[in-house]
Amino acid sequence: MSHLLAREGTWRQLREYFVHRSIYHLKEADPHVWVVPRLRGRAKAALVAVEFDEYGGGHGERMHSQLFADLLEAAGLSPDYLHYLDVAAGEQLAIVNLMSMFGLHRGLRGALVGHFAAAEITTAPSAARLVTALRRHAAPEPCVHFFAEHVEADAVHEQIMRRDVVGGLLEDEPDLAADVAFGIEATDLLEGRLAERLLGAWRGGRTSLVPVEH
Ligand SMILES: [Fe+2]
Ligand SMILES: [Fe+2]
């Protein structure tokens with residue numbers, strides 16, 4: 001999606017992208033907190049360090065969920081949590097449900113770590129493409145800022161996730177390797193489905209939003 005948006009995305013498509021992503025980004029990092037008591041040692045400490053950044057490093061106005069709310073407002077959209085639940089793609093809801101399910105079950109802690117690692121590792125390059133797309137449209141600064149912030153933050157988060165969270169977890173509990181891989185692959189599968197839906201709609205000149213019956 002980010003490749004198409006960077007190359008030829010319209011402002012309307014970018015706003016639709018924000019609408020789908022709002023289901024997660026307005027509560028960014030929350031589902032991953034559930035795994036904290038289910039981890040130990042190095043993996044736990046490192047995951048909390050990443051989460052500290054997601055929550056703005058002690059500054060409410062810098063929380064990534066707040067940055068996304070600012071982005072929505074700047075784009076003329078509602079910053080209210082779940083405001084777009086009815087029009088967001090089911091494929092997007094599935095991604096958020098996956099995070100919640102992984103986070104809420106101790107037996108799926110390896111999958112949650114795999115999911116979180118996959119997300120952090122893929123974010124920086126795709127965020128950079130979104131910056132390109134938004135600058136092309138001279139988008140309001142808060143829209144650019146959310147993604148620019150992720151280019152920088154996730155370059156660091158990627159290293160911590162690889163080395164200390166996944167590395168630490170598997171050193172401590174090597175039997176969880178298959179679960180970590182499952183979390184990565186499940187994320188990839190669901191992100192692929194969302195991309196298919198959005199790209200299919202856009203290539204056909206249609207909206208990717210779900211029609212609402214009144
Ligand atoms: Fe973030
Ligand atoms: Fe991050």
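Any value given below was found using the heavy atoms of this structure, including those in side chains, with hydrogens, waters and symmetry copies removed.
When hydrophobic clusters are built by joining Ile, Leu, Val, Met, Phe, Trp and Tyr residues whose side-chain heavy atoms come closer than 4.5 Å, directly or via intermediates, V180 is grouped together with V36. In the hydrophobic clustering of this structure, L72 groups with L85; members are Ile, Leu, Val, Met, Phe, Trp, Tyr whose side-chain heavy atoms approach within less than 4.5 Å, directly or through other members.
Under the 3.5 Å distance criterion, the side-chain polar atoms of Y55 are matched with a main-chain donor or acceptor of A29. Of the possible donor and acceptor atoms, none in the side chain of R136 sits under 3.5 Å from a partner among the backbone N and O of V131. Q13 contributes a side-chain N or O that, together with a main-chain N or O of T10, makes up a donor-acceptor pair within less than 3.5 Å. H137 contributes a side-chain N or O that, together with a main-chain N or O of G9, makes up a donor-acceptor pair within less than 3.5 Å. Between the R38 side chain and the W34 main chain, a donor and an acceptor come within less than 3.5 Å of each other. E16 places a side-chain N or O within 3.5 Å of a backbone atom of S208 that can act as its donor or acceptor partner. Not one N or O on the side chain of Y17 forms a donor-acceptor pair closer than 3.5 Å with the backbone of L130. Distance alone, capped at 3.5 Å, places no donor-acceptor pair between the Y24 side chain and the Q92 backbone.
With 3.5 Å as the limit, one finds no donor-acceptor pair spanning the side chains of H145 and D70.
For CZ of R15, the number of neighbouring non-hydrogen atoms (other residues, nucleotides, ligands) closer than 6.0 Å is greater than 12. In this structure, E8 places its CD atom where more than 12 heavy-atom neighbours from other residues, nucleotides or ligands lie under 6.0 Å away. Within 6.0 Å of the NE2 atom in H3, the count of heavy atoms belonging to other residues, nucleotides or ligands does not exceed 12.
Salt-bridge formation is not detected for the pair R163/E171: no Lys NZ or Arg NE/NH1/NH2 atom is positioned less than 4.0 Å from an Asp or Glu carboxylate oxygen. Taking the charged nitrogens against the carboxylate oxygens, D172 and R40 do have a contact shorter than 4.0 Å, which makes a salt bridge. Taking 4.0 Å as the cut-off between side-chain N and carboxylate O, R62 and E149 do not count as a salt-bridged pair. A salt bridge links E91 with R197: the distance from a Lys NZ or Arg NE/NH1/NH2 to an Asp or Glu carboxylate oxygen falls below 4.0 Å.
Between the NE2 atom in H64 and the OG1 atom in T123 there is a gap of 10.5 Å [rounded to 0.5 Å]. Distance check: H115 NE2 to D188 CG gives 12.0 Å after rounding to the nearest 0.5 Å.
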Open item on the list: Go through it in stages, so that I can follow the logic: the residues are H83 and S22, the test is side chain to side chain donor-acceptor pair (under 3.5 Å), and I'd like the CA-CA distance, side-chain angles, deciding distance and then a yes or no.
Closed with: CA-CA 9 Å; H83 181 86; S22 72; over 6 Å; no
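Between W11 and A139, the shortest heavy-atom distance links the atoms CZ3-CB, 3.9 Å.
Taking the six-membered ring for Trp and the full ring otherwise, the centers of H157 and H150 sit at least 6.0 Å from each other.
F68 pairs by the ring-ring contact (aromatic ring centres under 6.0 Å, His included) definition with H25, F146, not counting sequence neighbours.
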